[in-house]
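Numbers here simply count residues along the sequence, with the first being 1.
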Amino acid sequence: MTIKKRRVILTSVGLGIPVLWCTGLAVAVSLAGAPNPSARGDAAVVLGAAVWNDKPSPVFGARIDHAIKLYRNGQVKKLIFTGGMSDGDSVSEAEAARQYALNRGIPGDAILIENRSKSTVENLANAQAIMQNTGLKTVVIISDPYHLKRAGIIAGKLDLAFICSPTETSRYTGIFAKAGQLARETYFISRFLLVGN
C-alpha cells in the first residue's frame with residue numbers, strides 16, 4: 001500500500017468516527033424526546049429556562065404547563081421548579097415558575113423550588129437535594145423534547161430514579177431550527193461525557 005493510499009484511509013477513518021458519533025447522538029436526542037403521556041413519579045422536576053419581565057418565557061411556560069397537567073392528572077404529587085437568576089432579572093426562574101403555577105391554582109404546598117442553579121447539571125443536582133430532604137424517591141423530568149437526552153444522561157450520573165416527559169409543544173418546528181437544536185444538544189452531550197459539565 002502506498003503512503004498516499006494509507007493517508008486517504010486514515011483520513012477517512014479519522015473523519016468517519018466523529019460523523020458516526022454525531023449522527024448516533026442526534027438520533028438518540030430525537031428518540032429521547034418522544035411523547036410520554038403516562039409518565040408518573042413522586043414529583044415533576046421542571047428544568048429552568050429564560051424569564052422575560054419576571055414571567056416565564058414561552059419555552060419555560062410550556063414546561064410549567066406540562067408539569068401542571070401531570071399534577072392535575074394525579075401523575076405527580078409535587079412540582080419542583082429549578083433555575084437561578086440571570087443578569088438583568090429581578091426574580092429567579094424557579095420563583096417565576098412558582099408564581100405562574102400559583103396563578104393557575106396549584107396549591108403552594110405542592111410546589112418546591114431551588115433558585116440557585118445556572119445549568120442543567122445544577123438544576124438536577126439541586127433538585128436531588130430537595131428530594132433527599134423531603135423523602136421524594138422518583139421524578140418525572142420535564143423539558144423540551146431535544147433537551148431530554150442530555151437531562152437523562154445527567155440524571156443517570158446522579159443516580160436519580162427518573163423518567164422523562166417532554167413538553168407537548170416546541171419552538172423548534174422548522175427543519176433549520178430542529179437541525180440547529182440537534183447540533184447544539186449533540187455538542188453539549190459530547191462535552192458532558194468528556195469533561196462532566
Side-chain angles (χ1 to χ4, degrees), residues 24-50 55-83 93-94 96-114 117 120-121 123-124 126-128 130-131 134-175 177-182 184-186 188-189:
L25 272 184
V27 170
V29 167
S30 297
L31 293 175
N36 190 5
S38 62
R40 305 183 75 86
D42 294 335
V45 172
V46 180
L47 300 182
K55 299 188 185 311
S57 64
V59 167
F60 198 17
R63 297 179 189 182
I64 303 164
D65 286 337
H66 189 60
I68 289 172
K69 180 179 179 180
L70 295 187
Y71 176 81
R72 288 181 174 154
N73 288 344
Q75 293 169 249
V76 298
K77 302 181 193 77
K78 299 283 187 182
L79 304 179
I80 303 175
F81 296 126
T82 67
E93 294 167 5
R98 177 181 174 278
Q99 192 57 54
Y100 183 98
L102 289 172
N103 290 344
R104 282 152 183 78
I106 302 302
D109 61 2
I111 300 172
L112 302 165
I113 68 169
E114 74 76 27
S117 59
T120 303
V121 174
N123 287 162
L124 290 167
N126 293 347
Q128 183 180 44
I130 290 173
M131 291 172 62
T134 55
L136 299 168
K137 303 296 184 188
T138 60
V139 292
V140 179
I141 300 172
I142 295 175
S143 191
D144 303 88
Y146 287 155
H147 188 201
L148 284 177
K149 180 62 181 179
R150 177 159 52 106
I153 290 171
I154 294 166
K157 292 275 188 183
L158 293 170
D159 291 326
L160 283 172
F162 74 95
I163 190 167
C164 292
S165 185
T167 58
E168 295 170 4
T169 60
S170 173
R171 68 186 174 117
Y172 308 109
T173 54
I175 187 167
K178 288 181 178 180
Q181 189 62 9
L182 282 172
R184 180 180 185 277
E185 286 300 320
T186 297
F188 280 115
I189 290 170

Quiz item: So Asn123 and Ile154, side-chain contact (heavy atoms from CB on, under 4.5 Å) or not? Walk me through it.
Solution: CA-CA 10 Å; Asn123 287 162; Ile154 294 166; over 6 Å; no

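- Separation of atoms CZ (Phe81) and CD1 (Ile142) is listed at 8.5 Å; rounding is to 0.5 Å.
- Summarising the geometry, atom CG belonging to Leu158 is positioned 5.0 Å from atom CD belonging to Gln128; distances are rounded to the nearest 0.5 Å.
- Between the side chain of Arg40 and the main chain of Gly74, a donor-acceptor pair closer than 3.5 Å is present.
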Quiz item: Given the rule in the side-chain contact (heavy atoms from CB on, under 4.5 Å) test, do Met131 and Thr138 qualify, once you have shown the distances and angles that lead to the verdict?
Solution: CA-CA 8 Å; Met131 291 172 62; Thr138 60; over 6 Å; no

Using a 3.5 Å cut-off and no angle test, enumerate the donor-acceptor pairs between side-chain atoms of residues 99-113 and protein atoms at least two apart in sequence or in another chain.
from, atom 1, to, atom 2, distance (Å)
Gln99, NE2, Asn103, OD1, 3.0
Tyr100, OH, Asp65, OD1, 2.8
Tyr100, OH, Asp65, OD2, 3.1
Asn103, ND2, Gln99, O, 3.3
Arg104, NH1, Tyr100, O, 3.1

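- Without hydrogens or angle criteria, His66 side chain to Glu168 main chain gives no donor-acceptor distance under 3.5 Å.
- Side-chain polar atoms of Asn36 and Ser165 form no donor-acceptor pair below 3.5 angstrom.
- For the atom pair Cys164 SG and His147 NE2, the distance stands at 10.0 Å (nearest 0.5 Å).
- Between Leu148 atom CG and Leu47 atom CG the span is 7.5 Å, to the nearest 0.5 Å.
- Remark: Ala62 pairs with Thr167, Thr169 by the side-chain contact (heavy atoms from CB on, under 4.5 Å) rule, at least two apart or across chains.
- Taking Lys77 as the reference, Asp42 meet the salt bridge (Lys or Arg N to Asp or Glu O under 4.0 Å) condition, with sequence neighbours excluded.
- Across all non-hydrogen atoms, the minimal contact from Gly61 to Pro56 is N-CB, 3.9 Å.
- Taken from CD in Glu93 to OG in Ser57, the straight-line distance is 8.0 Å, to the nearest 0.5 Å.
- Among the candidates Ile141, Leu124, Val45, the single residue satisfying the side chain to side chain contact (heavy atoms under 4.5 Å, CB included) test with Phe162 is Ile141.
- Counting all heavy atoms, side chain and backbone alike, Val76 lies closest to Ala67 at CG2-O, 4.5 Å.
- Here the side chains of Val140 and Gln75 are not in contact, with every heavy-atom distance at 4.5 Å or above.
- The backbone N or O of Val46 sits less than 3.5 Å from a side-chain atom of Thr82, completing a donor-acceptor pair.
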